Amino acid sequence: MTERIVLAYSGGLDTSVAIGWIQEATGAEVVAMAVDVGQGGEALDTIRQRALDCGAVEAYVADARDEFANEYCMPGLKANTLYMGAYPNVSALSRPVIAKHLVAAAKQFGASTVSHGCTGKGNDQVRFEVAITSLAPELKTIAPVRDLALTREAAIEYAERNELPIVTTKNNPFSIDQNVWGRAVETGFLEDIWNGPTKDVYDYTNDPAFPPPADELIITFEKGIPVAIDGNAVTPLEAIMQLNERAGRQGIGRIDIVEDRLVGIKSREVYEAPGAMTLIAAHQELENITLEREQARFKRTVDQRWTELVYDGQWFSELKGSLDAFIDDTQEHVSGDIRMILHGGRATVTGRRSENTLYDFNLATYDEGQSFDQSAARGFIDIYGLSSKQATARNQRLGYSH
């Protein structure tokens, strides 16, 4: 039986050319597998047919939109995932679910090897291959762009020579990855970090400088998960999609950063994540009124470490599993409503309510009837500052000063 290789197939130039390139380089048959994580664009039937037309012996499409939203985006939301304080792990969250389906397809079609279209400079090669080896250590992995010297110029020449049914423009300036959680844009003139993004960089968001009228909404959460918008029940996928539309109209969720890649280089990235950034802002505020102070402080440390692990391709690691258990435990009381105003690039919280709130009006108020005993504060301050007072007295006695 001829060896088979399962290729993670997007329908674009590199992975379309990789079908024939892999066959010629290895003698193996190629099974193309596309995973729908809400990236939009072309119909998946069109992508499937293109894979067959480019020489795949089988073409398989997996609808993973709800799976991606429920099992990957929602853990990200619970962890308020913002790499370097800004990037909601748009691509990083999608890689483990794609890897999971790659492994399943390899078993279904009897393949011993899986393949992806990543370069040797990026994070995604690590994310795919670490996830694959974590799920199926027996599978081999190849990356044509990295391992078989498949440059963009060579890909275009190959596609034209073989009359492959794909658009082969030499002028396409960007590398784009997108899913329902957001959109990532890099390369081209963006590699000069002094250049500002032009209008054609963006697709999920309108220009925030020219917004429509302000949009007020209420997001309802249960245990850290959005379950309704304006009183209408939603699934996680529906919540993200609706907020992509409403926040996107207001230009919310544009991110332009130079980020630290796992491979050690700095890379300029432009992201759009209107739904993700709106949900994270709402979730963080609901945590502010439902998490106890020390729990909240420690969770911020856990959130950052969780985010770094996911960015670095360690979705299936032991440590991430342990952090998941802690984060899930913290969400027990994160239920309630957050009211927001979406306008001109900003998602602003204007109200919050929860049956589980730790906010006590009578303790917080400065009006008559307050229940906070202010006379207890002096003794608290004396004890709280005692160690600093003692250290300062010693330093003065020894002639030291700050």
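Note that this is a predicted model, so its numbers are computed, not measured. Heads up: numbering here begins at 1 and tracks the sequence.
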Can you tell me if [X] and [Y] form a side-chain donor-acceptor pair at under 3.5 Å?
| X | Y | answer |
| --- | --- | --- |
| His283 | Asn80 | yes |
| Glu355 | His333 | no |
| Asp328 | Gln331 | no |
| Thr290 | Ser354 | no |

Does the side chain of [X] reach to within under 4.5 Å of the side chain of [Y], using non-hydrogen atoms?
| X | Y | value |
| --- | --- | --- |
| Pro75 | Trp306 | yes |
| Ile22 | Leu7 | yes |
| Arg254 | Met277 | no |
| Leu217 | Arg246 | yes |
| Val103 | Leu139 | yes |
| Val180 | Asn244 | yes |
| Arg305 | Val302 | no |
| Met340 | Thr350 | no |

Candidate pair Ile47 and Leu44, rule side chain to side chain contact (heavy atoms under 4.5 Å, CB included), full reasoning: CA-CA 5 Å; Ile47 292 174; Leu44 288 176; 4.0 Å; yes
Once ring pair (Phe, Tyr, Trp, His ring centres under 6.0 Å) is applied, do any residues pair with [X], and if so which ones, sequence neighbours excluded?
| X | answer |
| --- | --- |
| Tyr204 | none |
| Phe298 | Phe326 |
| Tyr384 | Phe380 |

Please tabulate, for the side chains in residues 105-112, all donor-acceptor contacts under 3.5 angstrom to protein atoms that are two or more places apart in sequence or on a different chain.
| unit_1 | atom_1 | unit_2 | atom_2 | d |
| --- | --- | --- | --- | --- |
| Ser112 | OG | Glu3 | OE2 | 2.9 |

With no hydrogens and no angle check, is any side-chain donor or acceptor of [X] less than 3.5 Å from a backbone partner on [Y]?
| X | Y | answer |
| --- | --- | --- |
| Gln23 | Glu29 | no |
| Thr133 | Glu129 | no |
| Asp63 | Arg65 | yes |
| Thr2 | Ala28 | no |
| Asn206 | Gln250 | no |
| Trp181 | Gly275 | no |
| Gln39 | Gln178 | no |
| Asn179 | Gly182 | yes |
| Asp207 | Ala209 | yes |

Can a salt bridge be assigned to the pair [X] and [Y] using a cut-off of 4.0 Å between side-chain N and carboxylate O?
| X | Y | value |
| --- | --- | --- |
| Lys266 | Glu186 | no |
| Asp124 | Arg95 | yes |
| Asp324 | Lys320 | yes |
| Glu259 | Arg268 | no |
| Lys78 | Glu287 | no |

Rounded distance [0.5 Å steps], CG in Leu82 versus CD in Gln284: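 Leu82 CG to Gln284 CD: 6.0 Å, rounded to 0.5 Å.
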Neighbour count >12 (heavy atoms, 6.0 Å) for atom [atom1], [X]:
| X | atom1 | result |
| --- | --- | --- |
| Glu157 | CD | yes |
| Arg161 | CZ | yes |
| Glu294 | CD | yes |

Steps toward side-chain hydrogen bond (donor to acceptor under 3.5 Å, both in side chains) verdict (Thr81, Asn89): CA-CA 7 Å; Thr81 185; Asn89 265 334; 2.9 Å; yes
Set of side-chain contact (heavy atoms from CB on, under 4.5 Å) partners for Ala69, sequence neighbours left out: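 By the side-chain contact (heavy atoms from CB on, under 4.5 Å) rule, Ala69 matches Pro236, Leu237, Ile240.
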Full working for salt bridge (charged side-chain N to carboxylate O under 4.0 Å, His left out) between Arg261 and Glu269: CA-CA 10 Å; Arg261 282 187 175 176; Glu269 308 282 342; 3.2 Å; yes
Trp315-Tyr72 aromatic ring centre distance below 6.0 Å: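 Centroid distance Trp315-Tyr72: below 6.0 Å, so yes.
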Residue pair Asp45, Gln49: steps toward the side-chain hydrogen bond (donor to acceptor under 3.5 Å, both in side chains) verdict: CA-CA 6 Å; Asp45 285 345; Gln49 187 58 51; over 6 Å; no
Gln125: side-chain hydrogen bond (donor to acceptor under 3.5 Å, both in side chains) partners, not counting sequence neighbours: Arg146
Face-on cation placement of Arg183 at Tyr271 ring, 6.0 Å and 45° thresholds: no
Tyr9 six-ring face occupied by Arg50 cation (under 6.0 Å, within 45°): no
Nearest heavy atoms of Arg127 and Gly313, plus distance in Å: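 Closest heavy-atom pair between Arg127 and Gly313: CG-CA, 3.6 Å.
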